[in-house]
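Only one structure is covered here, and it is reproduced in the block below.
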Amino acid sequence: MTDMSSKVNAILTLLQGCNSLKRLQKIQAHVIVNDLEHHPAISSQLLNFCAVSVSGCLAYAWLLFSRLHNPQIEAWNSIIRGFSLSPFPHQALLFYNRMLFTSSSNPDTFTFSFALKACERLRTLAKCQELHAAIIRSGFLGDVVVCTSLIKCYTGNGLTNNAEIVFNDMSQRDLVTWNAMISCYSKAGLPHHALNLYATMQREGMGLDAFTLVGLLSSCAHVGALGMGIELHRIACERGFDTNVYIGNALIDMYAKCGSLSDAFQIFDGMRKRDVFTWNSIIFGYGVHGHGTEAISLFEQMLMAGMQPNSITFLGLLCGCSHQGLVEEGVKHFHMMGSRFNVKPGIKHYGCIVDLYGRAGKLSKALEAIHMCPTQDDPVLWRTLLGSCKIHRNVEVGEVAMAKLAQLGAFNAGDCILLASIYLRANDAQGVARMRKLIKSQRIKTTPGWSWIEIGDQVHRFVVDDKSHPDSAQVYQKLSEVIHRATLAGYVPDESHVFEECLGSLGICHSEKLAIAFGLARTPEGASLRIVKNLRVCRDCHSFTKFVAKAFNREIIVRDRVRFHHFKGGVCSCRDYW
Ligand code: ZN
Ligand code: ZN
């Protein structure tokens, strides 16, 4: 008997030091020779090793599992866990089902967590809800690990509300739970919620780690909350997280998206370890700020550092070329993608090329680029072209683009307005009337525009024609003063905007005007304003902001859906090319 147990111990020790399948098979031979194949501790260790510790042994794990007469909970958990992290997560759920129907074992913390992991990766909502019900029935709702996995699973399935309900009902939470909820909000595009949650977290005396910081920094980047971002940067340095490459990347992204490109570069420059995300973040940063030349130069440094660019790298590059009007360079890099780096251009890359040609007035080339794209029926491409037609007042190509959008059944009020303004500038009253009729008859909805501005440690949000802000009356009063002073400085409302006004449905007062008025009222003389907007800045607001920057002697930085505008002394960094 002692002989037997010393053998078992020896084998278990061997298994602990095992690091390859080959070695494992030798140990297994030893197990079989000694007739210990069905020893519970040994079989479970063997299986765990194949399923979890070493990648690529899952098939072997499956084989081992099938040889077990009566698999115990540890064995089920190993196989479910192994598959949940593998390229075949659905197998994990099949094993979970099999366990329920064929075994006497009941699921435990680990079973639920791994099964939920599989659901999260497969984005299968029905199964996630079924598991949620099973968790309630088996009394695991008080289990921190299980509930945290449930939050992650709902996040993966895009059900923020459900994740929130689970989170709020938890009697106990650990740091992983808080991080899961912050990341949930940040992924769902609810950065406000993420930042508020952080405030609660602090009140409850919960610490933070690198994961918390990454989630929060990405929320700051989203809303352009530079003040908060700087505070998080300070915390990161204090805790020694600043050398962490993930934090570094998140900081670059935050500073670039909050309009502070020099700080982004400083972080980049100070990083000793850089991965492809690091390079992409900085190249993208320069790209959306309209610094195409710098983006290209960074791209060349990236190649020299031996880093392989990917599709995101090129998106940043092309975006920079397009905003700066570097047609030749843009096209060159677009072709380089496939020919030199074997990166297949996606719809967004084609979009950049259409934009690049279109802005530069090469509309026939833009049209050619659309026909080159494998998915030329994408409305985004045609809409981009239509936008270029507006800049260059080209009725002919504009009508082609609109006809294509109509054929695809994809046109919206914004498109009609675009074409209507093209007609308006071409003095085509009939065209304008046709568009107006079309908008009315179709009752087409537009995406509501909103803007964010950070003042102190609070982020304020305004929508078009907003009356919901608590200081609404004050904001409108300030706005009329601002408009008055901008007009004295030379601001003239844009004619196409007047046209949009006539339509009524699109709103008279765009959200960034409200945000600017609010910012001017609430910040000291000379302070810069940073505004984030979900749509493109319209011509009228662009001109308005230039004159406000001049009249009030303020720097105003606006991040719109596609790029940054730095307004100062009556001019914008985009040189009206956007
Ligand atoms: Zn506007
Ligand atoms: Zn601009």
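Each ligand, and each atom within it, is numbered from 1 in the order the structure gives. For the numbers below, each heavy atom of this structure counts, side chains included, while hydrogens, waters and symmetry mates do not.
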Open item on the list: Parallel, tilted or perpendicular, judged at 30° and 60°: which one describes the rings of Phe265 and Phe268?
Closed with: tilted

Open item on the list: For Phe334 and Tyr350, take the angle between the two ring planes, folded into 0 to 90°, and tell me which bin it lands in: parallel under 30, tilted 30 to 60, perpendicular over 60.
Closed with: perpendicular

TODO: Identify, by name, the N, O or S atom of His565 lying closest to the Zn ion (ligand 2).
DONE: ND1

Task: Of all N/O/S atoms in His510, the name of the one nearest the Zn ion (ligand 1) - done: ND1

Open item on the list: How large, to 10°, is the angle at the Zn ion (ligand 2) when you draw lines to SG on Cys574 and to SG on Cys572?
Closed with: 100°

Open item on the list: Do the side chains of Glu328 and Lys332 get close enough for a salt bridge, i.e. N-O under 4.0 angstrom?
Closed with: no

- [ ] Could you tell me whether the Zn ion (ligand 2) has an N, O or S atom of His542 under 2.8 Å away?
- [x] yes

Task: Side chain to side chain, Lys513 and Phe462, heavy atoms closer than 4.5 Å - done: no

